[in-house]
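Okay, structure first, notes after.
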Amino acid sequence: MIAISNLYYAYPSGKAALSGINLRIEKGEFVAVVGHNGSGKSTLARIMAGIERPSRGSCTVNGIDTRDKTKFLELRRTAGIVFQNPENQIVFEKVHDDIAFALKNLGLAQDEIERRIDEVIKSMKIERFTDSFELSMGQKQRAAIAGVLAMRCECIIFDEPTAMLDPRGKKDIHNIIVELHKKGFTIVYVTNVIDEVLSADRILILDSGSIKHEFKRDELLENVETLKSFSLEMPLIMDIIVRLKGRNVDIDTSARTVDELVENLTNVMGGSK
Ligand SMILES: Nc1ncnc2c1ncn2[C@@H]1O[C@H](COP(=O)(O)OP(=O)(O)OP(=O)(O)O)[C@@H](O)[C@H]1O
Ligand SMILES: [Mg+2]
């Protein structure tokens, strides 16, 4: 789905933000990207969405070279991006008009535009003619996701979409992302909430503009020291599992959610469900 080869990117100021990036993301994969402030996560997300173009090397999305300006609309229809601050994505007063504007730019007919808006406002549980600016932060983020879904993008890149939300909003948007993955979307998920990486198939650690380490979700347990070496925390569920293992509790390590952890723990204890 996404192929990045020997990527180097410097901002116009001359500052190198990314270098030596080689990465393949398969269709339907869920990849989490973590790293400290300034490590290059947003720059990488913007490169994948075609907002920035590689200074050297290449980035293709479904075979579309993001440097090819003639493929701009095709790229828009393939990969969408959701930012940290949903307010940056709102242009018009009404949710409907915001989504409609992007679809008009694709050259779609009015009835098709309305059909798609109907579909996405229903799936994101938002109101068609609500004033976008009056929505809660969480609802604004739902509206931003609705906009991407209306474009029928196969790949959605999320750049810390829960960072500005309260705990309930964080959980809500995270659940939506997990559901989108289950429906077959390719997900790139930049997050600073380490617990959220448990939902991903693969985790990339970015540091000083390079991918310093990557591992599969199932290899998380073996990579506890790696996370520590980048001063990253360990997901709470993994921390509990590691501690239980340290006390010789023979627990299944596959849990991704608190419910699964409780289930696995119950099994070890031979308790009833
Ligand atoms: N518009 C810009 N112009 C110049 N340099 C920039 C610009 N945006 C980011 N940078 C620099 O590029 C590097 C990578 O920034 P980036 O925003 O990609 O990091 P990040 O990992 O997303 O950080 P954060 O966790 O704070 O969101 C940083 O050193 C940053 O200062
Ligand atoms: Mg960022």
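Read the numbers this way: they start at 1 and go in the same order the structure lists the ligands and their atoms. Small disclaimer: the values here were computed from a predicted structure and weren't measured.
- Within ligand 1, the atoms closer than 4.0 Å to a non-hydrogen atom of E160 are 25 (O), 27 (O), numbered from 1 in the order shown.
- Ligand 1 lies out of reach of R46, whose nearest heavy atom is not under 4.0 Å from it.
- A side-chain hydrogen bond (donor to acceptor under 3.5 Å, both in side chains) with E154 holds for exactly one of T78, T186, N62; it is N62.
- Side-chain contact, E160 with N192: a donor N or O sits under 3.5 Å from an acceptor N or O.
- The aromatic rings of Y189 and H174 lie parallel to each other, their planes meeting at an angle below 30°, with 60° marking the opposite boundary.
- Defined by atom type and a distance below 3.5 Å, a donor-acceptor pair is missing between the side-chain atoms of H36 and D207.
- In summary, the atoms of ligand 1 found under 4.0 Å from a heavy atom of K15, numbered by their order in the structure, are 11 (C), 28 (C), 29 (O), 31 (O).
- Partners of T191 according to the side chain to side chain donor-acceptor pair (under 3.5 Å) rule, which considers only residues two or more places apart in sequence or in another chain, are E196.
- The ligand atoms of ligand 1 that sit less than 4.0 angstrom from a heavy atom of N37 are 23 (O), 24 (P), 25 (O), 26 (O).
- In the vicinity of S13, heavy-atom distances shorter than 4.0 Å reach the ligand 1 atoms 4 (C).
- No chain of hydrophobic side-chain contacts below 4.5 Å, direct or via other Ile, Leu, Val, Met, Phe, Trp or Tyr residues, connects V197 to V190.
- Atoms of ligand 1 found under 4.0 Å from any heavy atom of S42 (numbered from 1 in listed order, with element): 17 (O), 18 (O), 20 (P), 22 (O), 27 (O).
- Contact annotation: G35 has no heavy atom less than 4.0 Å from any atom of ligand 1.
- Ranking protein heavy atoms by distance to atom 19 (O) of ligand 1, first place goes to G40 N, 3.2 Å.
- Summary of contacts: the protein heavy atom closest to atom 2 (C) of ligand 1 is Y11 CD2, 3.4 Å.
- The backbone N or O of P161 sits less than 3.5 Å from a side-chain atom of Q141, completing a donor-acceptor pair.
- An N or O contact shorter than 3.5 Å is missing between A17 and ligand 1 by distance.
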Would R243 and D239 count as a salt bridge (charged side-chain N to carboxylate O under 4.0 Å, His left out) if you check the C-alpha gap in whole Å, the side-chain angles of each, and the deciding distance to 0.1 Å?
-> CA-CA 6 Å; R243 286 179 196 212; D239 195 15; 3.4 Å; yes

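- Residue contact check: T43 has heavy atoms under 4.0 Å from atoms 14 (C), 15 (O), 16 (P), 18 (O) of ligand 1.
- Taking distances strictly below 2.8 Å, the protein N/O/S atoms close to the Mg ion (ligand 2) are S42 OG.
- Between the choices S208, G38, A10, the shortest heavy-atom distance to atom 13 (C) of ligand 1 belongs to G38.
- For the 3.5 Å distance criterion, the side chains of S42 and D159 qualify, holding a donor opposite an acceptor.
- Using a 4.5 Å heavy-atom cutoff, the side chains of R142 and D172 are in contact.
- No side-chain donor-acceptor contact under 3.5 Å links H181 and E29.
- Counting the atoms of ligand 1 from 1 in the order shown, those under 4.0 Å from a heavy atom of H36 are 21 (O).
- A distance-only check finds a donor-acceptor pair linking the side chain of S55 to the backbone of A10 [under 3.5 Å].
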